[in-house]
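In what follows, every chain begins at residue 1, and chains take the letters A, B, ... in the order their sequences are listed. As a basis for the values below, the full set of heavy atoms in this structure was taken, side chains included, without hydrogen atoms, waters or symmetry mates. Everything quoted here is computed from the prediction, not taken from an experiment.
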Amino acid sequence: MNSSPSPRKNRRTPIRALLASEQETRGVHLGGWVRTARSGKGVTFLELNDGSCFASLQVVVDGASPAAVDIAGIGTGSCIEVTGDLVASPAAGQRWELKAAGIRLLGSADADYPLQKKRHSLEFLRTIAHLRPRSNTFGAVFRVRNALAFAVHKFFQERGFLYVQTPIITANDCEGAGEMFRVTTLDPKEPPLREGLVAWEEDFFGEKTGLTVSGQLQAELFATAFSDVYTFGPTFRAENSNTSRHVAEFWMIEPEMAFADLRDDCRLAEEFFRYMVVHALENCGEDLKFFNDRIEKGLIDKLGKLVGAEFKIMTYTEAVTRLQKSGEAFSYPLEWGLDLQSEHERFLTEKIVGGPVFVIDYPARIKAFYMRQNDDGRTVAAMDMLVPRVGEIIGGSQREERYDRLERRMGEVGIPLKSLSWYLDIRRWGSCPHAGFGLGFERLLMYITGMENIRDVIPFPRTPGNAKF
RNA sequence: UCCCCAGUAGCUCAGUCGGUAGAGCAGAUGGCUGUUAACCAUCGGGUCCGUGGUUCGAGUCCGCGCUGGGGAGCCA
């Protein structure tokens, strides 16, 4: 994918390409950061990593080589350039090594360098988010993140979905998806007032605006022109959530399909999820092996099982009944009409189904206004996809495409029709059945890497009280 | 936001019954004929999170605060 030679003048070869080499090569040039340096009497070994792959390349500096005079001051964390010959390694542990002819120290790293060659806690590494990409774990995380971001586009583009960039600044604060961050240019000390309240009509956009909590409503508009569309972009929630599953800024994937019902929606979600797992298994083997050994034992086995698993579909009503009959003592109440708690979802997917499951047709009063009302008069065509160990990972629905039904529902839950007139217009002219879902990219990464805290799968996490870096 | 737990060397941690602080790793120096987060020896390294209190005496007990973690809610 990215092993073609660099166009740069110095013709640096990535370590990934050197390690994949078929034969010895003279006169190669590379750069990287020293992971560890070991010195013997007549020879020094430097483990060099440039992020192009998980493995480091062993650079050998013979005491008699001209390069030997240049190794003073090179320790863990130093950035160096090396020229030399790629040769078969005479010792066990690696196939190739680099016999150095010349070394240039570009950036030294002294004893205060925080990322030492030892095991660090993930909590500590979070406090040095500017350096943690140079660690084994985070190198692997961000390579997998890169591979899967590419796979998201690949999946949808292969199926003819149109990629739409929905707005980041929006005036809808009634989507029901969460608290919004405010976007304003008004003076926070002396905002213009009208009858004692902030006069938002004098703000930059002439109305109250914030950062998007979802691109879904706009994606629906595009689905009624391009049939199949998807968004993949940043999403913001100003909730004061302090958990390992929530961040204030995250990336969400939201496909939307015209001429589709809830079953089509479930099928797409299943196909998408499986595709992501297969892509990771086929393209990130070395990184996944590290996660399997050090982060989540049995990870690769889990992913392999998911690829072959049948994704069950169960109605909310049946799920409640089966959970009640299970005899399990739950800490939270469980009865028809109440939302399923995390513990219920986990029990359902792990113990009752033993695999991924879609729960569909939830009571209308616990779900969003835009979900399609079912004929029974009390449920809507919603779906949540649950997977073992994580619980809910995808939430979606068939949308209410009937003007009068949607208008009535908006009235019931108190959403001013005027604010979403454009959303209703889609139902006035050329309406069609459509459905879609939302998937948090970071939660997908958590499932695939086994990382347990969402702050460890996003480069620079934003959480309540923390926007550093 | 609520509940629970934690905060000691650069990092990971120990510190007994309240009696003035310890290990490993990292660093420095020396040794070692090719090592695999090398090994051996020596050395340097502390605002015990902050603050107030109890006590002859607090890393240790109590109050408050801050920071981090786990769980819950909200959700993706």
Does [N] have OP1 or OP2 under 4.0 Å away from a side-chain N or O of [X]?
X	N	answer
T127(A)	G68(B)	no
R38(A)	U35(B)	no
T44(A)	U35(B)	no
R119(A)	C13(B)	no
R126(A)	G69(B)	yes

Expected output: side-chain [X] to main-chain [Y] donor-acceptor under 3.5 Å:
X	Y	result
S65(A)	V61(A)	no
S214(A)	Q216(A)	yes
T25(A)	Q23(A)	yes
R143(A)	G51(A)	yes

Report which part of the nucleic acid [X] touches: base, sugar-phosphate, or nothing (heavy-atom distance under 4.0 Å, all strands).
X	answer
P114(A)	nothing
S331(A)	nothing
F441(A)	nothing
E452(A)	nothing
I454(A)	base

Could you give the distance separating [M] and [N] at their [atom1] atoms, to the nearest angstrom?
N	M	atom1	answer
G50(B)	A58(B)	C1'	15 Å
G10(B)	A26(B)	P	16 Å
A23(B)	G15(B)	P	15 Å
C32(B)	U42(B)	C1'	15 Å
G19(B)	C25(B)	P	29 Å
G59(B)	U51(B)	C1'	16 Å
U54(B)	U29(B)	C1'	48 Å
G57(B)	G18(B)	C1'	8 Å

Classify the side chain of [X] versus the base of [N] as yes if they form a donor-acceptor pair under 3.5 Å and no if they do not.
X	N	result
Q94(A)	U35(B)	yes
E239(A)	G73(B)	no
H246(A)	C75(B)	yes
S241(A)	C75(B)	no

When both hydrogen-bonding distances must be under 3.5 Å and the geometry is Watson-Crick or G-U wobble, what is [N] paired with, if anything?
N	result
G63(B)	U51(B)
G57(B)	none
C13(B)	G22(B)
C2(B)	G71(B)
G44(B)	none

Whole Å only: how far is the [atom1] atom of [X] from the [atom2] atom of [N]?
X	N	atom1	atom2	value
F45(A)	G34(B)	CZ	P	7 Å
L57(A)	G34(B)	CG	P	20 Å
E254(A)	C75(B)	CD	P	15 Å
I71(A)	G34(B)	CD1	P	14 Å
L386(A)	C75(B)	CG	P	15 Å
N242(A)	C75(B)	CG	P	16 Å
R134(A)	C11(B)	CZ	P	18 Å
F330(A)	A72(B)	CZ	P	14 Å

| query | What string of B, S and - do you get for nucleotides 22-32 of chain B 5' to 3' if you count protein non-hydrogen atoms under 4.0 Å? | reply | --BBSS----B
Tell me the closest heavy-atom pair linking [X] and [Y], and the distance in Å.
X	Y	answer
I74(A)	A37(A)	O-CB, 4.2 Å
L57(A)	E97(A)	CD1-CA, 4.2 Å
A219(A)	T231(A)	CB-CG2, 3.9 Å
F311(A)	L306(A)	CE1-O, 4.0 Å

| query | Pick the nucleotide of RNA chain B nearest each of A248(A) and V43(A); which residue has the one closer to the 5' end? | reply | V43(A)
| field | Most 5' of G440(A) and N453(A) on RNA chain B, judged by nearest nucleotide | value | N453(A)
Evaluate the side-chain proximity of [Y] to [X]: yes if any heavy-atom separation is below 4.5 Å, no if none is.
X	Y	value
V34(A)	L48(A)	yes
D361(A)	V380(A)	no
E81(A)	L105(A)	no

| remark: Of U12(B), C75(B), G73(B), the nucleotide closest to the side chain of F124(A) is U12(B)
| Which nucleotide in the list U1(B), U12(B), A72(B) gets nearest to the side chain of N240(A)? | U1(B)
